[in-house]
Amino acid sequence: GPAGAEKFDYVLVGGGTASCVLANKLSADGNKKVLVLEAGPTGDAMEVAVPAGITRLFAHPVMDWGMSSLTQKQLVAREIYLARGRMLGGSSGSNATLYHRGSAADYDAWGLDGWSSKEVLDWFVKAECYANGPKPYHGTGGSMNTEQPRYENVLHDEFFKAAAAAGLPANPDFNDWSRPQDGFGEFQVSQNKGQRADTYRTYLKPAMARGNLKVVTGARATKVNIEKGSSGSRATGVEYATQQFGDRFTAELAPGGEVLMCTGAVHTPHLLMLSGVGPAATLREHGIEVVSDLAGVGQNLQDHPAAVLAARAKPEFEKLSVTSEVYDDKCNVRLGAVAQYLFQRRGPLATTGCDHGAFVRTSSSLSEPDLQMRFVPGCALDPDGVKSYIVFGELKKQGRAWPGGITLQLLAIRAKSKGSIGLKAADPFINPSININYFSDPADLATLVAAIKMARQVAAQEPLKKYLQEETFPGERASSDKDLEEYIRRTVHSGNALVGTAAMGTNPGAGAVVSSADLKVFGVEGLRVVDASVLPRIPGGQTGAATVMVAERAAALLRGQATIAPPSRQPVAV
Ligand code: FAD
């Protein structure tokens with residue numbers, strides 16, 4: 001098959017965010033043979049490299065998995081579209097590039113040995129290469145490029161003034177843990193001089209020429225082979241297919257080798273279940289032999305649900321919007337914008353559109369912000385913020401005009417609701433079911449109702465108000481809490497932060513899937529999970545940085561360069 005007949009010390013399933021980190025670090029040891037199996041193509045496409053290309057990556061026929069949730073009764077029977085990158089670099093190739101770690105308390109609340117805020121901070125800093133550094137809380141020696149956003153728009157400054165007038169403090173650095181996360185400011189971005197700094201570009205590409213690293217694209221893993229022996233179960237390799245109904249192959253492990261699951265929070269639990277690792281009842285229902293009965297596989301799914309407030313600009317201010325800086329009146333990308341990007345790596349193509357904003361507590365009883373406001377200097381065309389991006393990417397095709405204005409995308413960043421990933425079928429080509437289950441905890445809906453009220457307060461301050469004609473979403477007629485709740489249920493969309501479905505911990509009986517000491521799947525030798533699925537509780541910020549942090553730690557552990565929990569504090573499975 002495409003992976004050849006050789007045997008590998010590490011088979012990395014999925015070539016996404018975490019996988020590219022591992023592939024680089026593990027293949028740095030020339031004695032280890034490393035294989036990456038990625039279902040999608042490389043991440044070389046221009047839409048990936050140029051940040052504004054994000055509008056063409058949502059629902060992309062090849063570079064996105066095109067998945068939606070099950071019908072959500074509580075969301076007026078909608079299915080929620082859930083973007084997932086499908087390329088080398090994974091979702092770091094299609095995400096909004098915002099660089100947020102969350103806050104120290106997010107990690108301390110996990111209560112896991114080795115994962116305290118102090119311990120994870122070391123690895124955030126080690127992984128980072130901050131363009132404006134050195135600076136406290138930021139690293140300059142790592143591979144993950146970060147910088148301040150490079151697109152300037154007068155509306156950003158007016159948003160800051162309005163936020164200040166509404167009583168919010170300024171925050172010069174949301175990743176500086178010596179201060180509260182609250183306030184308004186620039187969001188740092190995972191970019192390198194205005195180019196997307198996904199993990200394909202930053203970690204995998206520099207290692208591609210190594211003879212001991214093999215990367216196979218267009219290879220969809222269908223199962224981890226696990227052998228049951230007298231002394232327990234052990235992974236032996238990975239089955240994969242090169243096209244949907246095409247040839248099947250097996251990538252085999254060398255003696256002592258390991259399979260590292262890096263297929264993300266949706267497909268990792270899917271593949272584990274297909275391989276016999278998961279809730280026994282679910283597996284039996286689909287005729288899958290149980291290897292390790294782990295109730296937590298696919299459970300504990302978390303995300304940041306989001307709602308939008310948008311307002312149209314007065315006619316004389318239409319042209320201030322990022323949207324009219326990108327497109328001319330005929331919906332062609334402006335040559336000036338292209339030239340500015342090519343020569344300066346600045347201008348409206350250097351932004352994913354949402355890299356300024358605020359973190360806010362919607363209630364004074366909270367100890368951390370429950371809300372992230374993302375300010376977009378453009379008017380949403382659809383109250384579903386993700387759909388609005390998709391429409392923008394297709395504007396030429398649709399021949400629509402784009403009005404000027406502003407949008408505040410409001411995310412419940414410390415959401416408490418939990419959903420799950422389930423099996424629709426034992427056929428690996430049938431994607432798993434996703435019950436996103438927003439608002440199973442009513443606190444999240446309350447956050448978004450309060451968020452719209454706060455966004456209205458900000459938009460009503462003179463610095464912004466002077467530009468605005470009318471609120472388009474939800475629209476002024478939606479005024480009571482009941483109106484706002486209805487609007488949110490009708491329009492809530494994903495903040496694209498799926499985590500938790502193969503959570504790390506110490507007790508499989510309490511839902512842990514992998515050990516927090518070494519990320520090993522309970523009950524199977526030679527099998528670990530290294531991706532966003534292991535985060536047990538969602539951090540209050542975008543999840544890419546935390547995913548890279550986990551992968552850096554896993555790589556150092558596997559290289560024997562560091563442990564996670566010191567030996568004296570190794571948790572013992574109950
Ligand atoms: P991924 O990076 O998704 O990698 C999984 C890989 O596995 C993919 O390449 C996939 O194609 C592959 N795969 C899946 N199944 C198979 C299979 N069966 N066989 C072979 N390969 C397979 N985070 C931020 O920090 N900042 C942001 O601004 C931000 N915005 C986001 C916007 C969007 C639209 C999305 C989708 C995410 C966003 N995130 C953001 C979240 C962040 O990108 C993810 O948390 C992170 O990339 C997850 O990394 P991962 O390694 O777990 O999975």
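Each ligand, and each atom within it, is numbered from 1 in the order the structure gives.
Here is the list of ligand 1 atoms found below 4.0 Å of a heavy atom in Phe58: 34 (C). Heavy-atom contacts of Leu271 reach the following atoms of ligand 1: 18 (N) (cutoff under 4.0 Å). Listed by atom number, the atoms of ligand 1 under 4.0 Å from Leu37 heavy atoms are 20 (C), 21 (N). Distances below 4.0 Å separate heavy atoms of Ser94 from the following atoms of ligand 1: 34 (C). Of all atoms in ligand 1, listed by their number and element, those nearer than 4.0 Å to a heavy atom of Ala545 are 25 (O). Residue contact check: Ser92 has heavy atoms under 4.0 Å from atoms 47 (O) of ligand 1. Listed by number with element, the atoms of ligand 1 under 4.0 Å from a non-hydrogen atom of Gly264 are 5 (C), 52 (O), 53 (O). Set against the non-hydrogen atoms of Gly90, the atoms of ligand 1 under 4.0 Å away are 2 (O), 4 (O), 8 (C), 9 (O).
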Side chain to side chain donor-acceptor pair (under 3.5 Å) between Tyr137 and Asp173: does it pass, once the steps are laid out?
CA-CA 9 Å; Tyr137 291 87; Asp173 185 351; over 6 Å; no
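Among all non-hydrogen protein atoms, the one lying nearest atom 51 (O) of ligand 1 is Ala18 N, 3.1 Å. Remark: minimum distance from atom 45 (O) of ligand 1 to any protein heavy atom is reached at Thr543 OG1, 2.7 Å. Counting only heavy atoms of the protein, atom 16 (C) of ligand 1 lies nearest to Thr263 CG2, 3.5 Å. Here the heavy atom of the protein found nearest to atom 28 (O) of ligand 1 is Leu98 N, 2.9 Å. Scanning the protein heavy atoms around atom 4 (O) of ligand 1, the nearest turns out to be Gly16 CA, 3.3 Å. In terms of protein heavy-atom proximity, atom 9 (O) of ligand 1 is nearest to Glu38 OE1, 2.7 Å. The nearest heavy-atom contact from the protein to atom 46 (C) of ligand 1 is Thr17 OG1, 3.7 Å. Protein heavy atom in closest approach to atom 29 (C) of ligand 1: Asn95 CB, 3.4 Å.
The only option from His100, His156, His356 that meets the ring-ring contact (aromatic ring centres under 6.0 Å, His included) definition with Phe187 turns out to be His100. Here the options are Thr547, Val514, Thr501, the test is side chain to side chain contact (heavy atoms under 4.5 Å, CB included), and the partner is Val534; only Val514 passes.
For ligand 1, the polar-atom distance check finds no N/O of Gly40 at less than 3.5 Å from any of the ligand's N/O atoms. Looking at ligand 1, you'll find an N or O of Ser91 within less than 3.5 Å of one of its N or O atoms. At least one N/O-N/O distance between Gly544 and ligand 1 falls below 3.5 Å. The shortest N/O to N/O separation between Val13 and ligand 1 does not fall below 3.5 Å.
Contacts with ligand 1 closer than 4.0 Å are made by no heavy atom of His270, backbone or side chain. With a heavy-atom cut-off of 4.0 Å, Asn496 touches ligand 1 through backbone and side chain alike. By the criterion of a heavy-atom distance under 4.0 Å, neither the backbone nor the side chain of Val499 is placed next to ligand 1. When heavy-atom distances to ligand 1 are checked against a 4.0 Å cut-off, His267 comes that close only through its side chain, counted from C-beta outward. Contacts between Ser19 and ligand 1, counted as non-hydrogen atom pairs separated by less than 4.0 Å, are absent for every part of the residue.
Close placement of the Tyr107 and Phe124 rings is indicated, their centers lying within 6.0 Å of each other.
Taking all heavy atoms of Ala96, Gly85, Gly14, Gly93 into account, the minimum distance to atom 8 (C) of ligand 1 is reached by Gly85.
Asp303 and Tyr438 share a donor-acceptor pair across their side chains, judged by distance under 3.5 Å alone. Side-chain contact check for Gln72 and Asn437: no donor-acceptor pair (N or O, by modelled atom type) lies under 3.5 Å. Using modelled atom types and a 3.5 Å distance limit, the side chains of Asp355 and Thr351 yield a donor-acceptor pair. In this model, no donor atom of one side chain and acceptor atom of the other lie less than 3.5 Å apart for Thr491 and Asp384. There is a side-chain donor-acceptor pair under 3.5 Å between Gln542 and Gln372. Under 3.5 Å, the side chains of Glu252 and Asn225 contain no donor-acceptor pair of N or O atoms.
Lys193 has no carboxylate O lying under 4.0 Å from a charged side-chain N of Glu147, or vice versa, which leaves the two without a salt bridge. Using a cut-off of 4.0 Å between Lys/Arg side-chain N and Asp/Glu carboxylate O, Arg248 and Glu239 are scored as not salt-bridged.
In plain terms, the two heavy atoms of Arg528 and Asp518 that are nearest each other are NH1-O, 2.9 Å. Residues Gly422 and Pro432 share a closest heavy-atom pair of O-CB, 3.2 Å.
The closest approach between a heavy atom of Tyr99 and any atom of ligand 1 is not below 4.0 Å. Within the structure, the closest approach of Ala219 to ligand 1 falls below 4.0 Å when heavy atoms are considered. The closest approach between any non-hydrogen atom of Tyr240 and ligand 1 is not below 4.0 Å.
Counting heavy atoms from C-beta outward, Leu88 and Leu204 have side chains that approach closer than 4.5 Å.
When atom types are taken as modelled, the side chain of Tyr99 and the backbone of Gly544 share no donor-acceptor pair closer than 3.5 angstrom.
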